[in-house]
Amino acid sequence: MAAPNDRRRLLLGALLPLALGPSARAAPAAPASVPAPERAGAALAPWQPGWLDIHHIATGRGNATLVMLPDGTSMLIDAGASFNEPDVSVAPRPNASRRPGEWMGRYVRRHLGRAGLEGLDYLLATHLHPDHTGDADAATPLAPGGAFRLSGVTDVAAQIAIGTVVDRGYPDYDFPARIAAPFADNYRAFIAARRKAGLRVEAFRVGSNDQFAGRAHRATASCFEVRNIAANGVVWTGTGSATRQLFPPLETLARADWPSENACSAAIRIASGRFRYFTAGDLTSYTHDGALPWHDVLGPAARAAGPVSVATADHHGMFDGLNPEVVRTLRPRAWVIPSWHIAHPDMLQLERMFSERLYPGPRAVFATTVMRENLLANGRLTRKLHSHDGHVVVRVAPDGESFYVAVTDNGAEGDKIKLVTEQFVV
């Protein structure tokens with residue numbers, strides 16, 4: 001990563017205004033390396049070989065990120081489907097006529113299909129919460145055969161073949177303790193059905209850089225890597241595939257002090273050339289005001305990942321996510337907040353993301369969906385967001401030296417661009 005501030009500035013100038021209207025500047029002429037002359041009002045251009053595309057899908061019901069690697073290898077990180085009521089969550093996007101997982105599956109199929117690709121190579125479930133894997137109850141429809149119900153991950157799997165499912169809990173799902181809830185039972189039933197059918201399921205391997213290996217669907221000269229940074233309190237050291245354990249032995253802790261499901265989330269870093277992207281599910285840095293320092297897993301994970309170009313504000317930008325050191329360490333040119341609940345994002349988290357005291361230079365902050373109540377309560381800071389409703393798509397050039405961000409309409413399936421930034425230099 002480049003250290004000088006001038007290499008962290010826009011290559012072509014200021015970002016386009018969020019509200020496109022008569023006073024908005026026209027989109028700049030696209031460099032030759034851009035897949036198409038992306039412009040507001042047009043449909044997002046299909047992925048092309050050599051490019052790294054990262055789609056933060058905004059259904060208003062949880063996390064889902066489609067990654068299309070430079071050789072056409074595809075990966076879906078989470079597929080959440082929360083049952084939260086509209087008084088605390090945004091209205092479903094595009095609408096409530098389908099379940100969130102159905103919309104996600106259609107989104108994935110559409111973008112893979114437009115690129116001439118078939119099937120998902122990988123699905124990573126960062127942890128077993130419903131806004132990352134799908135909620136379920138007695139009213140949730142059964143999958144054909146009745147082995148599990150259709151929601152989130154299972155809805156996606158019903159629409160598109162998945163080569164390998166990876167999660168932090170496989171095969172026993174008993175660390176630190178087995179979750180007894182319908183959503184967890186449903187996910188485990190899905191995994192059992194995959195195993196019975198002879199389909200691949202793997203435990204997330206911290207330190208590995210080959211678990212999410214390229215499948216070489218398309219020829220490319222781009223160099224890329226997916227590095228597994230952390231899960232279950234184990235963190236990559238930054239050397240080879242070596243790891244270290246943060247959590248004390250459970251038997252030495254009071255039951256109330258055991259790590260939470262969020263603290264066990266899987267974290268990864270995706271690299272293409274000099275570009276770096278970091279995401280970590282609901283990993284947090286909150287230590288109960290210093291009483292439990294080992295509850296901060298996000299900090300060590302961020303240090304292992306090093307400075308990055310783009311990062312997600314993990315745990316939806318909630319109060320226990322980004323501490324100052326995490327922000328100083330990651331120092332991205334662009335933040336993406338996977339938001340959808342009335343509490344997303346937290347005011348202090350926004351302060352930190354925008355703070356040039358924590359790291360200098362400009363930065364762009366995007367949110368997937370933000371409730372009106374939050375926009376009003378945090379108006380001083382939410383006015384600085386470049387977007388607060390739409391799919392946030394990061395597109396990295398084949399040489400890994402630059403990227404841009406396109407925000408597309410999540411109220412329909414036409415992938416219409418609402419705004420597009422100019423190129424950022426890595």
Side-chain angles (χ1 to χ4, degrees), residues 1-11 51-56 63 65 67 69-70 75 77 124 126 206-207 209 212 222-231 235-239 265-285 296-315 317 321-338 349 352-356 358-367 386 392-397 399-405 421 423-426:
M1 295 294 297
N5 291 342
D6 61 341
R7 288 192 61 80
R8 303 183 66 83
R9 298 184 181 275
L10 289 173
L11 178 64
W51 283 77
L52 166 62
D53 282 7
I54 306 170
H55 297 244
H56 303 86
N63 282 31
T65 304
V67 179
L69 293 161
M75 176 182 184
I77 305 170
L124 168 62
T126 60
V206 178
N209 67 344
F212 301 103
S222 300
C223 297
F224 64 92
E225 175 192 78
V226 180
R227 173 72 69 171
N228 294 358
I229 300 293
V235 180
W236 180 49
T237 65
T239 302
S265 291
I268 63 169
R269 185 189 68 188
I270 300 175
S272 180
R274 285 156 42 89
F275 174 89
R276 301 289 186 272
Y277 170 82
F278 176 78
T279 191
D282 279 357
L283 209 57
T284 59
S285 63
D296 176 11
V297 184
L298 184 55
R303 290 192 291 275
V308 298
S309 315
V310 178
T312 55
D314 296 313
H315 200 203
L322 307 173
N323 68 22
E325 290 307 312
V326 170
V327 175
R328 284 193 187 99
T329 300
L330 293 176
R331 52 196 311 114
R333 187 59 185 83
W335 290 98
V336 180
I337 309 171
Q349 300 289 291
R352 289 171 177 161
M353 281 181 268
F354 284 117
S355 174
E356 292 198 40
L358 292 179
Y359 67 98
R363 75 288 311 269
V365 183
F366 304 83
H386 281 78
V392 180
V393 183
V394 177
R395 307 200 105 165
V396 184
D399 60 6
E401 294 290 323
S402 64
F403 69 95
Y404 66 96
V405 180
T421 70
Q423 297 281 312
F424 297 98
V425 175
V426 174

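Here the structure is a predicted model, which is why all the values come from computation and not from measurement. Here, residue 1 is the first one in the sequence, and each next residue gets the next number.
Nearest heavy-atom pair, Tyr404 versus Trp51, reported as atom, atom and distance to 0.1 Å: CE2-CZ3, 3.9 Å. The two atoms that bring Asn63 and Pro338 nearest to each other are OD1-CB, 3.4 Å, heavy atoms only. Heavy-atom minimum distance, Ala266 versus Leu124: CB-CD1, 4.4 Å. Between Trp236 and Gly207, the closest heavy-atom pair is CD1-CA, 3.7 Å. Heavy-atom minimum distance, Pro332 versus Ala311: CB-N, 3.8 Å. Shown here for Ile337 and Ala313, the closest heavy-atom pair between the two residues is CG1-CB, 4.0 Å.
The closest donor-acceptor contact from the side chain of Thr312 to the backbone of Asp314 lies at 3.5 Å or more, if one exists at all. Judged purely by atom type and a 3.5 angstrom limit, Arg363 uses its side chain to pair as donor or acceptor with the backbone of Gly361. For the pair Arg331 (side chain) and Arg328 (backbone), a donor-acceptor distance under 3.5 Å is present. In terms of modelled atom types and a separation under 3.5 Å, the side chain of Arg333 and the main chain of Ser309 share no donor-acceptor contact.
Shown here are the side-chain contact (heavy atoms from CB on, under 4.5 Å) partners of Ala334, two or more places apart in sequence or in another chain: Val310, Phe366, Phe403. With sequence neighbours left out, Ala302 forms a side-chain contact (heavy atoms from CB on, under 4.5 Å) with Val326, Thr329, Leu330. Here Thr284 pairs with nothing under the side-chain hydrogen bond (donor to acceptor under 3.5 Å, both in side chains) rule; sequence neighbours left out. With sequence neighbours excluded, the residues satisfying side-chain hydrogen bond (donor to acceptor under 3.5 Å, both in side chains) with Asp282 are His127, His132, His316. In terms of the side-chain contact (heavy atoms from CB on, under 4.5 Å) criterion, residue partners of Asn209 (sequence neighbours excluded) are, by chain and number, Glu225, Arg227. Scanning for side-chain hydrogen bond (donor to acceptor under 3.5 Å, both in side chains) contacts around Trp335 gives Tyr359, with sequence neighbours left out. Not counting sequence neighbours, the partners of Thr65 by the side-chain contact (heavy atoms from CB on, under 4.5 Å) test are Ile54, His56, Val67, Ile77, Tyr277.
Distance CG/Leu358 to CE/Met353: 11.5 Å, rounded to 0.5 Å. With rounding to the nearest 0.5 angstrom, the CG atom of Leu322 is 12.0 Å from the OG atom of Ser355. To the nearest 0.5 angstrom, Ser285 atom OG is 3.5 Å from Asn323 atom CG. In this structure, OG on Ser272 lies 10.5 Å from CG on Asp53, to the nearest 0.5 angstrom.
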**Item:** Check against side chain to side chain contact (heavy atoms under 4.5 Å, CB included), Thr279 and Val336
**Value:** CA-CA 10 Å; Thr279 191; Val336 180; over 6 Å; no
**Pair Gln423-Ser402, side chain to side chain contact (heavy atoms under 4.5 Å, CB included): steps then yes or no** = CA-CA 6 Å; Gln423 297 281 312; Ser402 64; 2.9 Å; yes
**Arg269 and Arg276: CA distance, side-chain angles, deciding distance, side chain to side chain contact (heavy atoms under 4.5 Å, CB included) verdict** = CA-CA 7 Å; Arg269 185 189 68 188; Arg276 301 289 186 272; 3.9 Å; yes
**Asked** Between Phe354 and Val365, is a side chain to side chain contact (heavy atoms under 4.5 Å, CB included) present by the stated rule, with each step listed?
**Response** CA-CA 8 Å; Phe354 284 117; Val365 183; 3.5 Å; yes
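In this structure, Leu69 and Leu52 have side chains that are in contact, with non-hydrogen atoms separated by less than 4.5 Å. Contact check for Ile268 versus Met75: side-chain heavy atoms found under the 4.5 Å cut-off. Counting heavy atoms from C-beta outward, Asn228 and Phe212 have side chains that approach closer than 4.5 Å. Using a 4.5 Å cut-off on side-chain heavy atoms (C-beta onward), Glu325 and Val327 make no contact.
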